[in-house]
Protein chains: 2
Amino acid sequence: MAVRDRRTPVARGGRGGRPTLEQVAARAGVGRGTVSRVINGSDQVSEQARTAVERAVAELGYVPNRAARALAAGSADAVALVIPEPETRLFSEPYFSDIVRGVSAELAETDKQLLLTLIRSPRERERLAAYLSADRVDGVLLVSVHEGDPLPEMLAAMGLPAVLNGRRAAGEAVPFVDSDNTGGAQAAVEHLIGRGRGAIATITGPADMYVASCRLAGYRQALKAADREEDPGLVAVGDFTEEGGRRAMQELLERRPALDAVFAASDVMAAGALQVLRAAGRTVPDEVAVVGFEDSPVARHTDPPLTSVRQPTEEMGRAMVRVLLDGIAAKDATRERHVVLPTELVVRASG
Amino acid sequence: MAVRDRRTPVARGGRGGRPTLEQVAARAGVGRGTVSRVINGSDQVSEQARTAVERAVAELGYVPNRAARALAAGSADAVALVIPEPETRLFSEPYFSDIVRGVSAELAETDKQLLLTLIRSPRERERLAAYLSADRVDGVLLVSVHEGDPLPEMLAAMGLPAVLNGRRAAGEAVPFVDSDNTGGAQAAVEHLIGRGRGAIATITGPADMYVASCRLAGYRQALKAADREEDPGLVAVGDFTEEGGRRAMQELLERRPALDAVFAASDVMAAGALQVLRAAGRTVPDEVAVVGFEDSPVARHTDPPLTSVRQPTEEMGRAMVRVLLDGIAAKDATRERHVVLPTELVVRASG
DNA sequence: GAGTAGAGTGGGAGCGCTCCCAGAAGTGAT
DNA sequence: ATCACTTCTGGGAGCGCTCCCACTCTACTC
């Protein structure tokens with residue numbers, strides 16, 4: 001049925017000379033405006049015209065030219081996902097891949113494109129804001145931005161909507177989507193308390209990282225809720241690495257040999273702690289229970305498998321897109337936009 | 001010094017009214033054509049005009065509008081990275097993240113954009129080729145396409161250059177970048193032979209997967225090179241999952257209790273094998289040496305850590321882009337384009 | 001001194017859309 | 001029948017580039 005229409009002159013550019021809106025209009029016997037209206041779902045179109053256009057679109061296999069559309073409309077129909085290169089380790093964690101999956105899924109419904117941008121040098125970072133704002137994207141999703149990074153503020157200054165995955169600090173001004181780190185940590189520690197653990201230690205992240213302080217806060221809240229005194233000797237600082245987890249565990253064992261539980265602010269640190277515990281001859285979970293955070297694959301592969309706090313990562317990706325689209329659509333750039341999603345404790349053998 | 005020039009009327013579209021080529025031309029006191037030539041690095045420009053333009057560009061903070069450029073030039077200045085959704089597990093492996101890093105790095109030098117496209121339904125896959133070809137991208141990078149997937153052929157039919165990461169079958173017609181699976185496997189097995197192992201078993205992937213057959217071929221070549229007879233009882237088929245690795249190992253132990261080494265076609269399967277070996281009371285590497293493939297993080301976290309075959313993943317990403325750009329630039333779409341990169345054996349405690 | 005190359009340049013003509021403004025056609029009230 | 005709406009519609013005027021043609025200069029040749 002698909003009649004190949006060759007009457008219209010084949011344009012210069014474009015691989016394979018795809019049909020244009022004008023050709024669709026001609027075939028449907030309507031004007032360009034009407035076709036445009038149909039394509040963009042305006043309701044100011046008669047049923048008759050609409051069906052004619054839809055047929056022509058189908059017959060011609062018409063797909064709108066994105067560049068032309070972006071140029072004419074002054075919008076980009078694209079969103080950038082920006083990742084600082086040093087963080088690409090993140091990239092290899094399901095955490096990140098889940099976020100991307102969520103982002104992609106949510107975006108698919110809006111037919112905006114997803115641009116992936118890794119920043120690998122300070123120079124690139126400098127140019128980034130200018131590039132991004134040059135009509136190339138409608139908004140920016142920023143993954144794992146550190147406190148003190150000026151990027152979000154630069155984007156804001158250029159009027160480019162942005163969303164962070166996670167707060168940089170308590171009073172985060174830029175729109176963000178975060179998981180309930182405090183609540184998750186609290187649940188983890190309450191779980192430990194519920195299992196009758198008495199001396200519960202914690203391995204935290206660097207004090208200047210907001211996530212770390214939230215998870216520590218959750219630990220404290222759980223203790224307080226159970227009416228327990230907090231023992232500073234049961235708190236050791238790690239750096240979210242396995243080695244850091246080992247050092248912290250070592251320290252804890254020296255300071256409080258009688259501890260019978262550890263809540264680590266990340267699975268990787270928990271894995272390090274497990275090694276030290278084993279080396280010290282402590283059995284897990286019999287003598288010492290261990291709980292991690294993030295529910296990364298590491299958690300499933302340690303021996304014993306780690307009880308951990310799962311974050312709704314895919315949903316976070318989706319939420320980031322929703323928050324971003326909201327910001328793009330709205331004029332009031334000032335309104336605070338953010339979402340905090342609940343976590344879930346996944347109980348495994350370690351505690 | 002940057003004088004804000006407000007003489008020119010602020011255009012309707014575009015967030016923040018960024019300067020246009022025309023404004024740069026006016027400021028530099030030249031014509032649009034000359035500015036365009038400077039921007040695009042033509043040598044048909046006098047030194048004087050060039051510096052004038054460069055100054056104006058710097059002063060105005062001019063960044064070309066991608067949409068306009070794409071529209072006028074008929075090219076997209078973008079490349080798509082397409083990932084079938086069921087494969088997003090891949091996504092969480094460093095293998096993939098390294099590829100993306102390589103792709104991104106190589107692309108950064110060409111100022112083409114990277115579009116990330118996950119295919120999550122057959123319907124999306126159908127529409128994909130049409131969408132991609134609608135001037136949206138200049139080429140496509142396809143990750144983990146299975147044998148029998150029509151996508152590469154569809155793209156070829158539309159004249160859209162594509163590159164695969166890995167061959168789908170022996171005589172792969174579509175341009176690809178692959179690692180030397182056969183050579184890597186051979187090196188792994190030769191390593192085992194060199195360590196004096198006598199009964200070397202292998203856990204392969206599904207017979208219909210080309211990677212699997214290559215790695216099996218490497219296993220065989222190593223045996224042959226050492227003048228050893230191949231024992232079919234030492235070959236078990238897995239499916240690249242941990243569970244598959246366990247089953248295969250079980251099978252091997254039952255068939256050939258005397259085996260003293262195992263080469264698994266993936267780290268994940270090797271990890272499964274380790275579990276079974278331990279359960280069976282065999283020590284690794286004393287009684288049985290185990291070698292994996294891929295050098296994924298799993299390899300570092302098993303007990304003992306796995307000897308494995310590392311692939312130059314980041315370089316594969318870079319190579320994919322180079323091959324793709326070559327295909328985009330060339331007219332002769334027929335020419336065969338591919339790269340096969342060498343692997344490297346990483347020796348750890350398991351064998 | 002006329003003739004011929006270049007090198008360098010300006011700017012018109014699009015690229016394929018969206019926006020928007022007139023105007024046509026239809027509907028109901030007067 | 002007239003007027004005032006409302007609903008639909010066509011198509012002009014851009015969006016900011018690249019392409020390319022025509023033109024101006026200068027330099028060199030015979």
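Chain letters run A, B, ... following the sequence lines, proteins first and then strands; every chain starts at 1. Quick caveat, the model's predicted, so the values are computed rather than measured.
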* Asked: Contact class for A:A49 (heavy atom, under 4.0 Å): base, sugar-phosphate, or nothing?
  ->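 Sugar-phosphate: the residue A:A49, judged by heavy atoms under 4.0 Å, touches backbone atoms but no base.
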
* Side chains of A:S104 and B:R120: do they bring a donor and an acceptor to under 3.5 Å? ->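 Short answer, yes.
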
* Please answer whether the main-chain N or O of B:P19 pairs with a side-chain N or O of B:Q23 as donor and acceptor at a distance below 3.5 Å. =>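 Flag not set: sc B:Q23 to bb B:P19 has no pair under 3.5 Å.
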
With a 4.0 Å limit, can you tell me whether [X] has a side-chain N or O closer than that to the phosphate oxygens OP1/OP2 of [N]?
{"X": "B:T34", "N": "C:dT9", "value": "no"}
{"X": "B:S36", "N": "D:dC17", "value": "no"}
{"X": "A:R32", "N": "D:dG10", "value": "no"}

So which atom in [X] and which in [Y] form the shortest heavy-atom distance, rounded to 0.1 Å?
{"X": "B:A80", "Y": "B:L132", "value": "CB-CD2, 3.8 Å"}
{"X": "A:L142", "Y": "A:M320", "value": "O-CE, 4.0 Å"}
{"X": "B:S144", "Y": "B:N165", "value": "N-OD1, 2.8 Å"}

When rounded to the nearest 0.5 angstrom, what is the spacing between [atom1] in [X] and [atom2] in [Y]?
{"X": "A:E109", "Y": "A:R318", "atom1": "CD", "atom2": "CZ", "result": "5.5 Å"}
{"X": "B:D43", "Y": "B:R37", "atom1": "CG", "atom2": "CZ", "result": "11.0 Å"}
{"X": "A:Y131", "Y": "A:T117", "atom1": "OH", "atom2": "OG1", "result": "12.0 Å"}

Measure [atom1]/[X] against [atom2]/[N] and give the value in whole Å, please.
{"X": "A:Q48", "N": "D:dT7", "atom1": "CD", "atom2": "P", "answer": "18 Å"}
{"X": "A:Q23", "N": "D:dG11", "atom1": "CD", "atom2": "C1'", "answer": "17 Å"}
{"X": "B:E22", "N": "C:dA13", "atom1": "CD", "atom2": "P", "answer": "15 Å"}
{"X": "B:R66", "N": "D:dT18", "atom1": "CZ", "atom2": "C1'", "answer": "15 Å"}
{"X": "A:L71", "N": "C:dC15", "atom1": "CG", "atom2": "P", "answer": "13 Å"}
{"X": "A:R69", "N": "D:dG16", "atom1": "CZ", "atom2": "P", "answer": "18 Å"}
{"X": "A:R18", "N": "C:dC15", "atom1": "CZ", "atom2": "P", "answer": "17 Å"}
{"X": "B:N65", "N": "C:dC17", "atom1": "CG", "atom2": "P", "answer": "16 Å"}

* Nearest to the side chain of A:R37 - D:dT9, C:dC15, D:dC15? ->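 Nearest to the side-chain atoms of A:R37, counting from C-beta on, is D:dT9.
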
* Assess whether one donor atom and one acceptor atom, taken from the side chain of B:R50 and the base of C:dG8, lie less than 3.5 Å apart. =>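 There is none.
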
* Compute the angle between the rotation axes at the two ends of the helix from C:dG1-D:dC30 to C:dT30-D:dA1, each taken over five pairs, rounded to 10 degrees. =>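 Axis angle across the helix from C:dG1-D:dC30 to C:dT30-D:dA1, nearest 10°: 50°.
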
* Asked: Is a salt bridge present between A:R337 and A:D326, judged by a nitrogen-to-oxygen distance below 4.0 Å?
  ->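 Here A:R337 pairs with A:D326 in a salt bridge, since their nearest N and O are under 4.0 Å apart.
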
* Interface with DNA chain C, restricted to residues 40-47 of chain B and to heavy atoms under 4.0 Å ->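 B:D43, B:Q44, B:V45, B:S46 - these, ordered by number, are the residues of the stretch whose heavy atoms sit under 4.0 Å from the strand.
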
